[in-house]
J.: 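There's a structure below that I have some questions on.
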Amino acid sequence: MKTTLFFLFAFLFGLAAAGQKSGLFQPGERWPDNNGVHINAHGGGILFYDGKYYWFGEHKTEGKRGNQAWVGVHCYSSENLYDWKDEGVAFAVSENPESPVTAGCIIERPKVIYNAKTGKFVMWFHLELKGQGYKAAQTGVAVADKPTGPYNFIKALNPNAGVWPVNYAGELKSKKFPENLKEWSDDWIQAVKEGMIVHRDFQKGQMARDMTLYIDEDGKAYHIHASEENLTLHISELTDDYTDFTGKYIRVLPTGHNEAPAVFKRNGKYYMFTSGCTGWAPNAARLLVSDSMMGNWEYIGNPCIGDDKDLTFHSQSTYVLPVQDKKDAYIFMADRWNPENAIDGRYIWLPIQFNEKGNPYLAWKNEWDLSVFDK
Ligand code: GAL
């Protein structure tokens, strides 16, 4: 009897732990946390603080409505990047129906940065108000004293109200655009390129959907977000305490239709992975490069090679993680969404490789470990 029970428990434990093996990344497999539960941190980003990595992401629930925020932002911690400890819900949705972050709103792509001046942890996320689909296109900010939270909601907004982008030609500021242009007609696309939607949203603030954050070496932080109906990325400078916008922002590749931004810097160059806009369905990733965050971002091409390169290996970028204490070690983090059962979305982590020209590229690996960076 005892032996049977032992085998039964061993079998059940084995089932719970099935999925990604310790000491290996296995993109697309289930990734159990310290309790054997698949990590629930989608559209995530990572903060490195005081010797530990903290992974923040969307806490999804089962089924189709699992893409709405019923819980909040989940946090996990790790020292080795393979084994993750559940640190619980770092930012919780509100029970107050009047709150912009009330349960049933949409909270996506949360990112956390540490502000050395204030000693606070600052979380930004894409927020859609409950019952309004993706119309509000706001960004929300919450602050905590500890990396794992609790994060207190400060506000949500459409950024940069009443200010023009810095890279926007003077004469366009007073341009009058024709009304009722047919969407997607050449004239409409030209008008959007020239800032028609920036004009439309000038008073109330610009749209902010898919987003990421980036802190440069000088400590300045940037909020990078899909704006103008997802047609144009905006890069906005944050204030010194990282909890607000300074009003300095640029437009990136107007009408380029980029979302899912993920930024990193190598040898003085800034790189950004993005995706096209096909909702939860994957498409080909894009790679952009610039000499500065607020500079001229140029499109280089699709960074993926090999099978499924035009679907980013069935995933969409969310973050680039620089690995501590290793040179040129960056991990491309992406989501393989599961819109039918959101909680079962998978994580695609791949090492970023560099070609002879120094350009980053991505190749599929069934499994890999951090020793790839030692070669
Ligand atoms: C994707 C976006 C996700 C989510 C989804 C909703 O394009 O990257 O974060 O917003 O659309 O359909």
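Worth saying up front: this structure is predicted, and the values here are computed from it rather than measured. Side chains are part of it too, since the values below use all heavy atoms of this structure and drop only hydrogens, waters and symmetry mates. Atoms within a ligand are numbered from 1 in the order they appear, just like the ligands themselves.
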J.: Are any non-hydrogen side-chain atoms of F245 and E237 less than 4.5 angstrom apart?
T.: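 Sidechains of E237 and F245: no contact.
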J.: Do we see a donor-acceptor contact under 3.5 Å between the side chains of N40 and K60?
T.: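 N40 vs K60: no donor-acceptor pair found between side chains.
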J.: Of all heavy-atom pairs between L231 and W188, which one has the smallest distance, and what is that distance?
T.: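 So the two residues come closest at CD1-CH2, 3.6 Å.
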J.: I'd like the contact residues of ligand 1, where contact means a heavy atom below 4.0 Å.
T.: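 Lining ligand 1 at under 4.0 Å, by heavy atoms, one finds E108, R109, Y134, D210, E259, G279, W280, Q316.
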J.: Which one of H257, R286, Q316 satisfies the side chain to side chain donor-acceptor pair (under 3.5 Å) criterion with S275?
T.: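 For S275, the side chain to side chain donor-acceptor pair (under 3.5 Å) test succeeds with only one of H257, R286, Q316, which is Q316.
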J.: Angle class for the Y114/Y49 ring planes (parallel below 30°, perpendicular above 60°, tilted otherwise)?
T.: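 Geometry flag for Y49 against Y114: tilted rings.
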J.: Is the ring pair Y151/F56 parallel, tilted or perpendicular, if the boundaries are 30 and 60 degrees?
T.: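 Correct class here is perpendicular.
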